[in-house]
Amino acid sequence: MLNSNSFIGEIPSELGNLVKLKSHFSLHSNSLTSTVPSYLGNLARLSAYFQLYSNMGLCDALPAQVQALSGTVTTGWEVTTGNSLGTICGWQSYMA
């Protein structure tokens, strides 16, 4: 679990290599930015706790590869609350 650590920036590509992980992919309550990367869809063995909530900088659509995990994660699918998923990345700069 890497939640509540004040991480800033994009989700590192190395996390897509955790292909044997079966539970608790938790990056919630940080300051992550940019899109949710499609390589997180590599976590196909994950069956519990995929948590990205409370990262206001996460934006754009959730990639299909990641959305597909919602079928195997039976407990703790918490992705959209408290972030900007579904919103175009950088929209705030247009409002300035």
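Closest approach of Y49 and V73 over heavy atoms only: N-CG1, 3.6 Å. Closest heavy-atom contact between I11 and P37: CD1-CD, 3.8 Å. Nearest heavy-atom pair, L52 versus L27, reported as atom, atom and distance to 0.1 Å: CD2-CB, 3.9 Å.
Side-chain contact between L40 and F50 is present, with heavy atoms from C-beta onward closer than 4.5 Å. Considering only heavy atoms from C-beta on, F25 comes within 4.5 Å of L15 through its side chain.
Note that the CG atom of L32 and the OG atom of S54 stand 11.0 Å from one another [nearest 0.5 Å]. Between the OG1 atom in T87 and the CG atom in D60 there is a gap of 8.5 Å [rounded to 0.5 Å]. Atom OG1 of T80 and atom CG of L58 lie 11.0 Å apart (nearest 0.5 Å). Rounded to the nearest 0.5 Å, atoms CG (N55) and OG1 (T81) are 11.5 Å apart.
Of the possible donor and acceptor atoms, one in the side chain of N83 sits under 3.5 Å from a partner among the backbone N and O of L85. Distance alone, capped at 3.5 Å, places no donor-acceptor pair between the S84 side chain and the C89 backbone.
Enclosure of atom CD in Q67 by more than 12 non-hydrogen atoms of other residues, nucleotides or ligands within 6.0 angstrom is indicated.
When hydrophobic clusters are built by joining Ile, Leu, Val, Met, Phe, Trp and Tyr residues whose side-chain heavy atoms come closer than 4.5 Å, directly or via intermediates, Y53 is not grouped with L43.
Identified under the side-chain hydrogen bond (donor to acceptor under 3.5 Å, both in side chains) test for residues 29-40, with sequence neighbours left out: none.
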